[in-house]
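So that the names make sense, note that chain A is the first sequence line, chain B the second, and so on, each numbered from 1.
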There are 2 protein chains.
Amino acid sequence: MLKLTKRTEYGLTALVHLADHGGETVSARKISQHYSLPNRLVAEALKDLCRAGHLKSVRGASGGYLLAQSPADLTVGEAVAALEGAPKSTDCEAKALVSMGFGALGDLNVESKCMIRSPLHKIQEDIWRQFERTTIQELASPEFTLLRDERSPHTQLQNSA
Amino acid sequence: MLKLTKRTEYGLTALVHLADHGGETVSARKISQHYSLPNRLVAEALKDLCRAGHLKSVRGASGGYLLAQSPADLTVGEAVAALEGAPKSTDCEAKALVSMGFGALGDLNVESKCMIRSPLHKIQEDIWRQFERTTIQELASPEFTLLRDERSPHTQLQNSA
DNA sequence: TGCAATTAGCACTCAATGGGTGCTAATTAC
DNA sequence: GTAATTAGCACCCATTGAGTGCTAATTGCA
């Protein structure tokens, strides 16, 4: 239910860590130990990011990974795409994403039909759009918020507590 | 990968439909046929929403469902919670959500530890927060966008059509 | 009174996938 | 040469989402 995978969690955590460590080379083991994460899985996530070209790897003892680009140039959307695979173009849900940013605008008919039929696609589109414009650098900053909202403080539930 | 379930898709679609049809009673069959959705599954979604008190049901022939409250008072967050079940309080990911809006603030330690460890939680929190403040009425409006962003106009797709 | 259409509720199957592991090879610092 | 690392492949297992079957209860209508 509206969750990204663990792999993405590990991957983003690693990216933030690497962003905090400048051009330094850090091994998968270091990262996994630092955050108490399953080190094998962190390694898998790092491999994905490396294959996608977002990290550079250094093999051998005292090897590791480092960012291939500035954290200000790497978006959360790109990282997630690398970690979870490109959205499948089979289902209509994904097609909206594809035509949104990952591909050409060929099947716009399909998408617009879906837009009418399913309000959910609007939501997911918007979320992804936000991902596409949020950088790892922003994510790494402690005061990060994904959604800048200018409206009412919006009486949250905890008010009643 | 960051997707809501079909059940939620069907449920939100139905809610939007009901919102468009005022106080009218509409059967699950009518809705499913109108959007060419599997009618049994739409019925399941409607049951969930009814159990949660967001819809009122009328049994018997010519029965159906209608909104139990104004579409302006029903949030996407509430609907999703009803359709997908409350976030499980076992995993840390969900705990962030719980302490965010669904429960007391007791285990804030847990959450804040997670916040540091996982940037992903920030993202998901923000998404949920947005769900909590988006109403079905807003969702039903054709020019709906979940994220009001003051930055670049960001070339929408439908513009090109 | 009976029939048809509906909601209500339970249980079940099937396929997909996410999380995790095993194993081996290639590379490199020491 | 050894240990630590990245690279790549294949695999298992538990969860869960999607969908179906079935039966009961309710109600409008002929």
Side-chain angles (χ1 to χ4, degrees), chain A residues 1-11 13-14 18 24-33 37-66 68 80 82-88 90-94 118 120, chain B residues 1-11 14 18 24-33 36-66 68 80 82-88 90-94 118 120:
Chain A
M1 71 117 87
L2 191 71
K3 53 196 295 190
L4 293 161
T5 62
K6 288 290 178 190
R7 174 170 295 221
T8 297
E9 176 174 345
Y10 304 152
T13 300
L18 290 170
E24 202 174 332
T25 295
V26 186
S27 73
R29 255 181 74 90
K30 280 274 177 60
I31 295 176
S32 63
Q33 287 177 343
L37 300 177
N39 72 41
R40 177 68 185 272
L41 282 253
V42 171
E44 294 298 325
L46 287 165
K47 284 184 204 174
D48 288 340
L49 291 166
C50 192
R51 271 188 282 259
H54 302 127
L55 296 180
K56 283 192 287 194
S57 66
V58 178
R59 299 176 72 158
S62 80
Y65 296 91
L66 69 166
V80 171
L83 289 161
E84 314 213 339
K88 299 175 220 142
T90 54
D91 70 302
C92 134
E93 209 156 322
S118 171
L120 190 133
Chain B
M1 70 118 87
L2 192 71
K3 54 196 293 190
L4 293 161
T5 62
K6 288 291 179 190
R7 172 169 297 221
T8 297
E9 178 174 344
Y10 303 153
L18 289 170
E24 202 174 334
T25 295
V26 186
S27 72
R29 255 181 74 92
K30 280 274 178 60
I31 296 175
S32 64
Q33 287 178 342
S36 302
L37 300 176
N39 72 42
R40 177 67 184 272
L41 282 252
V42 171
E44 294 297 326
L46 287 166
K47 285 185 204 175
D48 288 340
L49 291 167
C50 192
R51 272 188 283 259
H54 302 126
L55 295 180
K56 284 194 286 193
S57 67
V58 178
R59 299 176 72 159
S62 81
Y65 296 91
L66 70 166
V80 171
L83 289 162
E84 314 214 338
K88 298 175 220 142
T90 54
D91 71 302
C92 138
E93 210 154 323
S118 169
L120 189 135

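- Rounding to whole angstrom units, CZ of residue Arg29(B) and C1' of dG28(D) are separated by 16 Å.
- The structure places NZ of Lys30(A) at 14.5 Å from OH of Tyr65(A), a figure rounded to the nearest 0.5 Å.
- Residue Leu66(A) holds its CG atom at 7.5 Å from CG of Leu18(A), rounded to the nearest 0.5 Å.
- The CG-P distance, from Leu37(B) to dT20(D), rounds to 13 Å in whole Å.
- You'll find that the side chain of Glu44(B) is closest to dC10(C), out of dA7(D), dA8(C), dC10(C).
- Take Arg59(A) and apply the side-chain contact (heavy atoms from CB on, under 4.5 Å) test, not counting sequence neighbours, and it matches no residue.
- Against DNA chain C, the stretch residues 54-63 of chain A makes heavy-atom approaches under 4.0 Å through Arg59(A), Gly60(A), Ala61(A), Ser62(A).
- One can place CG of Leu4(A) at 15 Å from C1' of dT17(C), the figure rounded to the nearest angstrom.
- In this entry the distance linking CD of Glu84(A) with C1' of dG19(C) reads 13 Å, nearest Å.
- A pairwise comparison of heavy atoms in Leu83(A) and Gly11(A) identifies CD1-CA, 3.9 Å as the closest pair.
- Here dG19(D) is the nucleotide among dG19(D), dT6(C), dG19(C) with the atom lying nearest to any side-chain atom of Pro38(B).
- Here the P atom of nucleotide dT6(D) and the CG atom of Leu18(A) are 11 Å apart, to the nearest Å.
- Put simply, Tyr10(B) has a side-chain N or O that comes within less than 4.0 Å of OP1 or OP2 on dG19(D).
- Interatomic distance, CG of Leu49(A) versus NZ of Lys56(A), reported as 15.0 Å (0.5 Å rounding).
- One interatomic measurement links the two molecules: NZ of Lys47(B) to P of dA25(D), which rounds to 15 Å at whole-angstrom precision.
- At a cut-off of 3.5 angstrom, counting only N and O atoms as typed in the model, there is no donor on one side facing an acceptor on the other between the side-chain of Lys6(B) and the base of dG19(D).
- Rounded to whole Å, atom C1' of dG19(C) lies 14 Å from atom CG of Leu83(A).
- In terms of heavy atoms, Arg7(B) sits closest to Ala45(B) at O-CB, 3.7 Å.
- Using a 4.0 Å heavy-atom distance criterion, Ala28(B) is classed as a sugar-phosphate-only contact.
- In this structure, of dG20(C), dA7(D), dG9(C), it is dA7(D) that holds the atom nearest to the side chain of Cys50(A).
- Note on Arg7(B): every side-chain N or O is 4.0 Å or more away from OP1 and OP2 of dA18(D).
- Put simply, CG on Leu41(B) is 16 Å from P on dA8(C), counting in whole angstrom units.
- Counting heavy atoms from C-beta on, the side chains of Lys6(B) and Leu41(B) never come closer than 4.5 Å.
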